[in-house]
There are 2 protein chains.
Amino acid sequence: MARLPEYLRALHNLAETGHETVSSEGLANAAGVNSAKLRKDLSQLGSYGTRGVGYDVGLLIDQIEYVLGLTQRRAVVLVGVGNLGHALAGYDGFASRGFRIAALLDADQELVGEEINGLVVQHIDDLPQVAAEESIAIGVIATPAAAAQRVADQLVAVGVTSILNFAPCVLSVPEGVDVRKVDLAIELQILSFHEHRKASLTALPAAGGSALTALPGGLAVTESQEAIGT
Amino acid sequence: MARLPEYLRALHNLAETGHETVSSEGLANAAGVNSAKLRKDLSQLGSYGTRGVGYDVGLLIDQIEYVLGLTQRRAVVLVGVGNLGHALAGYDGFASRGFRIAALLDADQELVGEEINGLVVQHIDDLPQVAAEESIAIGVIATPAAAAQRVADQLVAVGVTSILNFAPCVLSVPEGVDVRKVDLAIELQILSFHEHRKASLTALPAAGGSALTALPGGLAVTESQEAIGT
DNA sequence: AGGCGCTTGTGAAGACGTGCACAAATCGCG
DNA sequence: CGCGATTTGTGCACGTCTTCACAAGCGCCT
């Protein structure tokens with residue numbers, strides 16, 4: 001499930017504040033979901049809480065980390081050290097949550113050799129070499145859209161089977177390769193849509209506008225405090 | 001719908017390459033979705049294509065932009081000019097897709113006064129002043145998790161009704177305020193989960209493992225090339 | 001030891017999204 | 001003017017996700 005990482009983060013918070021056990025409702029609040037949904041998710045893990053008490057925080061953390069495959073520290077290659085890539089390379093949230101940036105790559109010779117956060121930027125053509133030295137399963141693409149597909153092909157060629165794509169384009173990859181996409185502008189546009197809808201509703205309290213001014217009721221917009229991409 | 005921005009991007013690509021009309025199947029391919037789904041989405045807009053021909057690219061762009069509320073260039077405030085915030089401030093994808101960063105804010109006096117991409121960083125306490133000068137509907141939070149809730153409260157206090165949250169925490173906001181969350185580490189963890197699942201499947205071709213080694217079939221993981229968040 | 005309150009795990013119902021398949025509509029061509 | 005090729009729009013069925021509600025189980029207190 002895509003919600004497990006959110007639970008995991010909430011559990012780590014709880015562990016740091018000294019909680020040893022947590023009820024499904026408490027954890028659901030901390031993760032921003034319904035308590036029944038959370039219980040169903042956890043029951044699918046085969047993880048057993050204790051009725052009348054709740055879940056053991058430490059045990060649950062271990063189980064979720066195991067299911068997410070976080071028991072091993074996975075190596076990640078980051079391709080594209082422009083604006084966004086630079087920020088990602090310096091983002092400590094990766095290291096603190098079980099990932100290690102194995103290499104920074106870019107096609108621009110101007111950037112090759114630059115040191116960011118203790119890592120030296122290498123040329124994209126060195127990718128096979130990097131992949132040969134250690135097993136890379138996850139690649140992050142932070143290049144312009146025009147270069148993204150080409151980079152994706154190169155990543156797949158060296159055995160990467162999961163890609164996180166920040167470029168605003170659709171990647172085509174062979175079956176068996178997972179792609180998740182994060183597009184910052186799309187997020188803003190979705191918010192803009194909500195803004196527009198709210199403005200229309202206050203301007204026209206009653207229904208009856210055309211489909212363009214007020215969307216039909218069937219298109220009700222749900223509250224959306226959730227993880228990405230799901 | 002959360003897919004409209006994706007369609008819009010694909011349409012802009014098509015317009016630049018000289019296409020005047022596009023079939024539902026062509027657009028669906030470009031956006032990475034099923035053609036029936038796309039037709040159903042567009043029909044909800046009240047937008048009419050022409051049977052036997054397809055959709056008029058320019059007209060469709062106008063309609064989607066109207067529905068998304070992109071006919072006006074919306075002003076956005078960005079709070080938190082650390083690693084990620086700095087990159088966001090320099091990201092030209094915002095300006096090119098209908099948004100304008102109205103102000104950069106931070107609580108750190110060390111950063112106040114710095115100029116990024118033509119904008120000067122102001123102190124977070126100047127937020128009411130910024131909001132008074134022009135209507136701000138959207139706020140972006142790129143602060144550490146510990147500060148995020150406080151910033152969200154301040155944004156809501158000056159009338160912001162949509163928030164894009166990059167901090168790894170759940171925000172609580174009054175009803176009527178929309179929050180979308182983007183957590184980069186969570187994206188990686190989801191990919192890690194897929195990796196772990198793939199590894200388990202190859203190691204154990206047949207089913208029968210415990211719930212911990214191989215998740216029950218009911219938890220089938222779907223292909224996920226989609227926008228975030230939804 | 002027994003009862004009581006609390007919490008989990010789950011059955012069932014409902015909402016929702018998805019995709020197929022086909023009727024209706026339009027254009028172009030002879 | 002009529003026919004066929006093409007494409008939209010949509011009814012229908014199916015699977016998934018969500019939520020409620022409640023029985024089963026556990027610990028604590030008397």
Side-chain angles (χ1 to χ4, degrees), chain A residues 1-4 6-7 11 14 19-57 59-60 63-64 190 211-212 215-230, chain B residues 1-4 6-7 11 14 19-57 59-60 63-64 190 211-212 215-230:
Chain A
M1 283 283 177
R3 284 185 295 267
L4 287 180
E6 192 72 35
Y7 302 159
L11 283 166
L14 288 169
H19 296 72
E20 301 225 337
T21 64
V22 64
S23 70
S24 65
E25 188 136 348
L27 182 54
N29 279 0
V33 300
N34 182 294
S35 68
K37 198 192 309 192
L38 182 135
R39 284 201 298 277
K40 202 150 270 189
D41 286 347
L42 293 186
S43 74
Q44 297 268 327
L45 294 185
S47 147
Y48 293 153
T50 311
R51 300 179 189 224
V53 177
Y55 297 91
D56 182 291
V57 173
L59 183 65
L60 204 48
Q63 291 214 3
I64 292 180
I190 293 173
L212 275 177
L215 287 162
L219 226 172
V221 178
T222 60
E223 284 289 315
S224 69
Q225 176 137 356
E226 290 211 0
I228 305 181
T230 31
Chain B
M1 285 280 180
R3 282 184 296 267
L4 287 180
E6 192 73 35
Y7 301 159
L11 284 167
L14 288 169
H19 296 71
E20 300 225 336
T21 63
V22 64
S23 70
S24 65
E25 188 134 349
L27 182 54
N29 278 0
V33 300
N34 181 291
S35 68
K37 198 192 309 191
L38 182 136
R39 284 200 299 276
K40 203 155 270 185
D41 287 345
L42 293 186
S43 74
Q44 297 267 327
L45 294 186
S47 146
Y48 293 152
T50 311
R51 303 183 185 217
V53 177
Y55 298 91
D56 182 289
V57 173
L59 182 66
L60 203 49
Q63 291 213 5
I64 292 181
I190 293 173
L212 275 177
L215 287 163
L219 226 170
V221 177
T222 61
E223 284 291 313
S224 66
Q225 173 137 359
E226 290 209 1
I228 304 184
T230 61

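The sequence lines fix the lettering, A, B, ..., with proteins before strands; numbering per chain opens at 1.
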Practice problem: Name the nucleic acid region contacted by A:S47, choosing base, sugar-phosphate or nothing; use a 4.0 angstrom heavy-atom cut-off, strictly under. | Solution: sugar-phosphate
Restricting to non-hydrogen atoms, name the atom on [X] and the atom on [Y] that form the minimum distance, rounded to 0.1 Å.
{"X": "A:G49", "Y": "A:Y55", "result": "CA-CD2, 3.5 Å"}
{"X": "A:R3", "Y": "A:D41", "result": "NE-OD2, 2.8 Å"}
{"X": "A:L27", "Y": "A:V22", "result": "N-CG2, 3.6 Å"}
{"X": "A:A28", "Y": "A:S35", "result": "CB-CA, 3.5 Å"}

Quiz item: Do B:S47 and B:L60 have side-chain heavy atoms sitting under 4.5 Å apart?
Solution: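 Yes - at least one pair of side-chain heavy atoms lies under 4.5 Å apart.
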Integer-rounded Å distance: [N] [atom2] and [X] [atom1]:
{"X": "B:L42", "N": "D:dT7", "atom1": "CG", "atom2": "C1'", "answer": "13 Å"}
{"X": "A:L38", "N": "D:dT19", "atom1": "CG", "atom2": "C1'", "answer": "14 Å"}
{"X": "B:L59", "N": "D:dT8", "atom1": "CG", "atom2": "C1'", "answer": "15 Å"}
{"X": "B:N29", "N": "D:dT7", "atom1": "CG", "atom2": "P", "answer": "13 Å"}
{"X": "B:E25", "N": "D:dT8", "atom1": "CD", "atom2": "C1'", "answer": "12 Å"}
{"X": "B:L60", "N": "D:dT8", "atom1": "CG", "atom2": "P", "answer": "11 Å"}
{"X": "A:D41", "N": "D:dT18", "atom1": "CG", "atom2": "P", "answer": "8 Å"}
{"X": "B:L27", "N": "D:dT6", "atom1": "CG", "atom2": "P", "answer": "20 Å"}

Self-check item: Candidate nucleotides D:dT8, C:dG9, D:dT18, ranked by approach to the side chain of A:S43 - the nearest
Solution: C:dG9
Quiz item: Nearest to the side chain of B:Y55, which nucleotide is it out of C:dT18, D:dG9, C:dT7?
Solution: D:dG9
Quiz prompt | Interatomic distance, A:Q63 atom CD to A:L11 atom CG [nearest 0.5 angstrom] | solution =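 Answer for the CD-CG pair, A:Q63 versus A:L11, is 11.0 Å.
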Exercise. May I ask you to verify if any side-chain N or O of A:Y48 is less than 4.0 angstrom from the OP1 or OP2 atom of C:dT7?
Key: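 The answer is no; no side-chain N or O of A:Y48 sits under 4.0 Å from OP1 or OP2.
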Quiz item: Do the side-chain N or O atoms of A:S24 get closer than 4.0 angstrom to the phosphate oxygens (OP1, OP2) of C:dT8?
Solution: yes
Exercise. Do nucleotides 20-30 of chain C as a string where each nucleotide becomes B, S or -: B if the base has a protein heavy atom under 4.0 Å, S if just the sugar-phosphate does, - if no protein is that close.
Key: BB--BBBS---
Quiz prompt | By side chain to side chain contact (heavy atoms under 4.5 Å, CB included) - contacts of B:S23 (at least two apart) | solution =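 For B:S23, the residues satisfying side chain to side chain contact (heavy atoms under 4.5 Å, CB included) (neighbours in sequence not counted) are B:E25.
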